[in-house]
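Positions are given from 1, in the same order as the sequence printed here. Predicted, not measured: the structure shown is a model, and the values here were computed from it. One-based numbering, in listed order, for ligands and for the atoms of each.
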Amino acid sequence: MDTFLWWRDGVIYQIYPRSFFDTNADGIGDIKGILSKLDYLADLGIDAIWLSPVYPSPDVDFGYDVSDYRDIDPRYGRMRDFDELLRQAHKRGIRIIMDLVLNHTSEQHPWFQDALTSRDSRYRDYYLWQDPAEDGKPPNNWLSMVGGSGWEYHAETGQFYFHHFFKQQPDLNWRNPEVHKEMLDVFKFWLEKGVDGFRLDIFSAYFKHADFPDNPKKLWGLRPHDRLRHIYDMDQPEMLPLIREIRALLEEYPERYVVGETFMATYERAAMYCGDDLLHAAFSFREFLEGKWRAKKFLRAIKRWEELLENKAWPNYVLNNHDVVRSATRFKSDANDARMKVAAAMLLTLRGTPFLYYGEEIGMREMKFSKDEILDPVGRFYYPFYKGRDGCRTPMQWDDSPFAGFSTAEPWLAVNPDHKQRNVKAQAEDENSLLNFYRALLKLRKEHIALMRGDFEAATHMPPNTLVYFRCTQEEQMLIALNFDRKKKRVDLERIGALGCDLIFSTHHECGEMNHCKEFWLEGNEVAIFRLKSIDD
Ligand code: GLC
Ligand code: CA
């Protein structure tokens with residue numbers, strides 16, 4: 001096997017630091033907490049951590065409003081703790097990916113504070129200021145993603161500034177060469193520290209049209225924001241050269257990686273930004289992050305993604321993050337996690353870098369909050385229509401103690417009461433647990449080059465509500481069969497050209513050689529992985 005390339009062959013684990021592990025009893029997870037769980041992560045078998053923001057932030061959007069790009073928020077620790085995390089992670093072969101939120105700053109960022117003082121401020125043009133329309137209204141029809149106009153009036157200086165998110169997150173003016181330079185310096189700062197990569201928060205919205213024209217209207221769409229065609233407030237042509245520049249900078253360092261969060265992503269939009277001289281990867285995956293439990297839908301999404309990225313970039317797959325309903329809840333998983341195992345097997349055996357989200361490995365569920373418990377401002381704004389993102393951000397469930405072993409103090413966000421049964425400690429001791437399933441599969445992935453690097457080929461025939469596909473390299477060929485259904489399904493091995501194969505992994509069957517079986521009966525929600533016999537076997 002030629003050399004292992006971490007971002008292609010490995011698995012990336014997202015940590016939402018506030019909720020991972022608290023070491024100083026203030027109810028907020030911290031960097032020392034992550035440090036003390038590195039062995040857990042190494043043992044799980046992941047290769048990199050994507051850290052959600054740990055920079056100083058007034059937390060209007062829980063870290064996604066940054067007031068200093070080159071420091072660590074004291075609640076998470078100090079820079080020396082971060083340096084130690086980097087050192088200790090690297091010692092265990094775990095890489096660190098930083099989340100960079102460069103579309104906007106916090107309103108508390110010194111640049112914005114200065115920009116507010118006068119139209120002549122040195123930093124005024126770091127942001128997007130426009131005069132009111134003739135009737136005193138906002139300069140155009142652009143809306144904020146989280147509700148209402150995207151323009152906020154600043155009476156003292158008589159102009160509006162633009163914000164894609166909350167008004168406390170003013171968008172930066174990327175057309176200003178000074179902003180451009182400052183931000184590239186931010187990349188350099190973290191690269192020089194030795195971080196291994198970046199996740200770019202809503203990167204495709206950095207540039208807006210220079211003349212601020214109205215966005216054309218659409219007839220349909222759930223929210224007003226969906227009823228605009230966003231052709232002027234995102235996806236501007238200036239983005240591609242900028243990405244090339246970022247990638248060129250990364251190429252000056254060995255094995256660095258950049259993955260983008262495409263704003264309002266379709267597969268096409270996300271793929272547009274990936275390539276050898278562009279981003280290594282971009283997130284899209286509506287079916288994976290937002291869809292329901294339907295094998296057919298997943299297959300369609302996989303084929304589309306494979307096709308769009310062919311000869312361009314290495315795919316990536318993700319079922320959870322800090323913005324969407326947890327997959328266990330979304331997929332209506334049963335208490336013993338049979339569906340979660342099928343989902344995990346799909347994520348870990350497709351051709352592409354898998355991203356996990358803390359707690360996914362123990363099947364953490366979305367937690368429900370009542371109206372006055374909601375902390376996420378998006379949830380407070382849209383309630384009851386949309387209840388926000390707190391439900392997927394609850395503290396990691398380490399054990400069955402009162403605060404789930406996350407902290408000895410009251411956590412910033414309530415722990416899910418199901419931690420009494422569902423926690424790392426209990427699952428570590430149960431050989432059939434989801435946690436041990438993840439461990440086993442992550443190990444299997446590492447042992448088989450075809451599972452990491454093989455081509456993807458959908459089987460020519462699949463029973464309804466199953467996924468059956470091959471992963472092949474010159475060295476080995478694997479067949480993966482996943483039953484999304486509770487009913488048994490017959491896989492016609494002869495028909496799909498998989499006559500000689502050994503079962504090497506299964507949730508239901510004994511593994512072993514299968515002597516030219518023509519068919520294989522998948523049990524309900526079974527995961528079965530076969531290795532095809534080669535001619536010399
Ligand atoms: C991204 C983040 C989300 C945040 C938003 C604004 O979508 O994932 O959590 O609210 O950007 O920064
Ligand atoms: Ca803490």
* Asked: Looking only at non-hydrogen atoms, which of V66, D201, V101, V146 approaches atom 2 (C) of ligand 1 most closely?
  ->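 The option holding the nearest heavy atom is D201.
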Which of the ligand 1 atoms, numbered from 1, are nearer than 4.0 Å to a heavy atom of [X]:
| X | value |
| --- | --- |
| H104 | 6 (C), 12 (O) |
| R389 | 3 (C), 4 (C), 9 (O), 10 (O) |
| D61 | 4 (C), 5 (C), 6 (C), 10 (O), 12 (O) |
| H322 | 2 (C), 3 (C), 8 (O), 9 (O) |

Under 3.5 Å side-chain donor-acceptor pair for [X] and [Y]:
| X | Y | value |
| --- | --- | --- |
| E192 | Y253 | yes |
| H163 | E107 | no |
| Y64 | S52 | yes |

* Asked: So is R70 actually on top of F189's ring, under 6.0 Å and inside 45° of the axis?
  ->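 Geometry flag: set, cation within 6.0 Å and 45°.
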* Asked: With a cut-off of under 6.0 Å to the ring centre and 45° to the axis, is R95 in cation-pi contact with Y13?
  -> no
* Run the numbers on T23 and D30 for side-chain hydrogen bond (donor to acceptor under 3.5 Å, both in side chains), then give the verdict. => CA-CA 7 Å; T23 54; D30 38 57; 2.8 Å; yes
Name of the [X] N, O or S atom nearest the Ca ion (ligand 2)?
| X | result |
| --- | --- |
| D22 | OD1 |
| D26 | OD1 |
| D30 | OD2 |

* Establish, yes or no, whether a centroid distance under 6.0 Å links the rings of Y257 and W6. => yes
* To do: Flag the pair F82 / W190 as yes when their ring centroid distance falls below 6.0 Å, and as no otherwise.
  => yes
* Asked: Which protein non-hydrogen atom lies closest to atom 8 (O) of ligand 1, naming both residue and atom, and how far is it?
  -> D323 OD2, 2.5 Å
* Please write down residue, atom name and distance for the protein heavy atom closest to atom 7 (O) of ligand 1. => E261 OE2, 2.8 Å
* I28 backbone or side-chain N/O/S under 3.0 Å from the Ca ion (ligand 2) -> yes
* Asked: Does Y76 bring an N, O or S atom to under 3.0 Å of the Ca ion (ligand 2)?
  -> no
* Give the contacting part of F165 toward ligand 1: side chain, backbone, both or neither, where contact means a heavy-atom distance below 4.0 Å. =>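 Within the 4.0 Å criterion, F165 contacts ligand 1 through side-chain atoms alone.
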* Hey, what do you get for CD (Q14) to CD1 (I46), rounding to the nearest 0.5 Å? -> 12.0 Å
* Are H164 and ligand 1 in contact, using a heavy-atom cut-off of under 4.0 Å? -> no
* 4.0 Å heavy-atom contact, R199 with ligand 1 -> yes
* Between R247 and H280, does a side-chain hydrogen bond (donor to acceptor under 3.5 Å, both in side chains) hold up when you go through it step by step? -> CA-CA 9 Å; R247 178 67 182 260; H280 292 84; 3.2 Å; yes
